[in-house]
Amino acid sequence: MDEKNILDEIPDLYEGNEMWRGSQYSFFRHEKCEFFPCHQTEDKENFNCLFCYCPLYALGDKCGGNFQYTYGGIKDCSQCMIPHKKDNYGYIVGRFGELVELLQKQKAAEEKSKAPESEK
C-alpha cells in the first residue's frame, strides 16, 4: 500500500486560504491555566493558547516575532504576541514548510557527518 501524504488529505489551512477563520481548531483559550495569560495583554478574550510554545522558535532570528537575546544567548520571546493572537493561526501554520526545510537540512548535515570520509 502506498504511503499517503497527510497534507494532501486535509484542506489548505495556510494564511492565504483563511478557511480556518472561525473554526474551533484554530483557537483555544485556557483560562484555567496557572499562567493565563502568559503575556501581558488587554485582550484576554482573543488570547490564543493553541501555540503555547511557539513552533516558530526554532527559526531563530527569522521567526518574525518581537524577541531579543539575553546576555547568555537565550532567545527571549516574552514580548512577542504572534502565536497568541487569534488572527495569527494562518501565519503560524503557513510557516511550517520552513520548519520542515530546517529539519531536512539538519538531518542531511547529521548524515553527512556520519558518512565515511570517502563519501564526504
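Note that these values count all heavy atoms, side chains included, but never hydrogens, waters or copies made by symmetry. Remember, it's a predicted structure, so these values are computed and weren't measured experimentally. Numbering starts at 1 and runs along the sequence shown.
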**Request:** Keeping the roles fixed (side chain from Asn48, backbone from Asp87), state whether a donor-acceptor pair exists under 3.5 Å.
**Result:** no
**Straight-line distance of Cys63 SG to Lys75 NZ, nearest 0.5 Å** = 3.5 Å
**Request:** To the nearest 0.5 Å, tell me how far Phe28 CZ sits from Cys33 SG.
**Result:** 9.0 Å
**Item:** Plane angle bin for Phe96 and Phe51 - parallel if under 30°, tilted between 30 and 60°, otherwise perpendicular
**Value:** perpendicular
**Asked** Quick check: does any side chain N or O of Arg29 sit under 3.5 Å from a backbone N or O of Glu45, one acting as donor and the other as acceptor?
**Response** yes
**Request:** Is it possible for you to say whether Tyr57 and Phe67 belong to one hydrophobic cluster, with membership spreading through side-chain heavy-atom contacts below 4.5 Å?
**Result:** no
**Item:** Single-linkage hydrophobic cluster, 4.5 Å side-chain cutoff, Leu99 and Ile92 together
**Value:** yes
**Asked** Near Glu31 CD, under 6.0 Å, is it more than 12 heavy atoms from other residues, nucleotides or ligands?
**Response** yes
**Message:** For Trp20 versus Gly90, what's the shortest heavy-atom pair and its separation?
**Reply:** CZ2-N, 3.4 Å
**Asked** Looking only at side chains, do Ser78 and Asp76 share a donor and an acceptor under 3.5 Å apart?
**Response** yes
**Prompt:** Between Cys54 and Ile82, is any pair of side-chain heavy atoms under 4.5 Å apart?
**Reply:** no
**Request:** Check the hydrophobic clustering (I, L, V, M, F, W, Y; side-chain heavy atoms under 4.5 Å; chains of links allowed) and say if Tyr91 and Leu50 are grouped together.
**Result:** yes
**Message:** For Lys85, is the NZ atom crowded, meaning more than 12 foreign heavy atoms sit under 6.0 Å from it?
**Reply:** no
**Request:** Decide side chain to side chain contact (heavy atoms under 4.5 Å, CB included) for Arg95 and Leu59; before the verdict, give the C-alpha distance in whole Å, the side-chain angles of both, and the deciding distance to 0.1 Å.
**Result:** CA-CA 10 Å; Arg95 305 235 10 230; Leu59 295 176; 3.6 Å; yes
**Enclosure of Gln79 CD (heavy-atom neighbours >12, cutoff 6.0 Å)** = no
**Message:** What I'd like to find out is whether the side chain of Gln68 reaches to under 4.5 Å of the side chain of Cys77, using heavy atoms alone.
**Reply:** no
**Fill in**
Excluding Met81, membership of its hydrophobic cluster (Ile, Leu, Val, Met, Phe, Trp, Tyr; side-chain heavy atoms within less than 4.5 Å) reads Phe36, Phe47
